[in-house]
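Note on naming: letters A, B, ... go to the chains in the order of the sequence lines (proteins, then strands), and numbering restarts at 1 for each one.
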Amino acid sequence: MTATFYEQVYDIVRMIPKGRVSSYGAIAKSLGAGGSARMVGYAMNNAGIAMPRVPAHRVVNSKGLLTGKYHFSPPELMVQLLENEGLVILDDQIKDFKTVFWDPMIELNK
DNA sequence: CCTTTGACTGCTG
DNA sequence: GCAGCAGCCAAAG
């Protein structure tokens with residue numbers, strides 16, 4: 001695979017179904033990157049210019065908090081997009097996070 | 001080649 | 001339950 005770590009992250013994120021979310025750590029782990037969750041977030045920084053568009057709004061931290069919302073323009077966009085997909089956001093936190101959580105390790109049968 | 005940078009995570013007090 | 005600290009590791013300068 002000539003794909004960089006970023007591209008691998010993008011692939012996983014694009015696979016996240018509508019109305020579901022995943023976490024940085026889970027994605028990193030599914031890539032075999034171990035605890036390099038920060039790298040996933042760092043990759044998301046590039047997601048803004050990645051093609052095709054990467055649904056970065058479906059990626060949150062392990063607690064279901066929209067930690068990266070301030071990287072959107074405007075920050076409220078992330079919440080809007082998630083709510084548009086049927087999710088409920090309460091004070092920057094995803095309601096029923098465990099229920100809508102999408103685990104790449106399981107869904108991709110890795 | 002060495003340093004800095006993170007949209008994170010888990011443990012500890 | 002919350003704040004602080006350290007570990008994590010790839011990419012960019």
Sub-4.0 Å heavy-atom contacts from residues 83-94 of chain A onto DNA chain B, ordered by number: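 The answer is none.
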Contacts to DNA chain B from residues 51-68 of chain A, heavy-atom cutoff under 4.0 Å, which residues?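 Hits under 4.0 Å, by residue number: Ala56(A), Asn61(A), Ser62(A), Thr67(A), Gly68(A).
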Test side chain to side chain contact (heavy atoms under 4.5 Å, CB included) applied to Leu82(A) and Leu77(A), Val100(A), Ile89(A), the passing residue: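 Answer to the side chain to side chain contact (heavy atoms under 4.5 Å, CB included) test with Leu82(A) among Leu77(A), Val100(A), Ile89(A): Ile89(A).
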Between atom [atom1] in [X] and atom [atom2] in [N], what is the gap in whole Å?
X        : N       : atom1 : atom2 : answer
Phe5(A)  : dA10(C) : CZ    : P     : 7 Å
Tyr24(A) : dG7(C)  : OH    : C1'   : 19 Å
Asn45(A) : dA11(C) : CG    : C1'   : 11 Å
Phe97(A) : dT9(B)  : CZ    : C1'   : 13 Å
Leu31(A) : dC8(B)  : CG    : C1'   : 14 Å

Which helical stems does DNA chain C take part in, if a stem means at least 3 consecutive Watson-Crick or G-U pairs with both distances below 3.5 Å?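 So far as stems of 3 or more pairs are concerned, DNA chain C shows B:2-6 with C:9-13, B:8-13 with C:2-7.
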Measuring from the side chain of [X] (C-beta onward, heavy atoms only), which nucleotide among [options] has the closest atom?
X        : options                 : value
Ser36(A) : dT9(B), dC9(C), dA7(B)  : dC9(C)
Thr4(A)  : dA7(B), dT9(B), dA11(C) : dA11(C)
Ala37(A) : dA11(C), dA7(B), dT9(B) : dT9(B)

What contact category does Tyr70(A) fall into here, base, sugar-phosphate, or nothing, at under 4.0 angstrom with non-hydrogen atoms?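 Tyr70(A): no heavy atom of the nucleic acid under 4.0 Å.
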I'd like to know if Arg38(A) reaches the base of dC9(C) with its side chain such that a donor and an acceptor end up less than 3.5 angstrom apart.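 Donor-acceptor pair under 3.5 Å: no.
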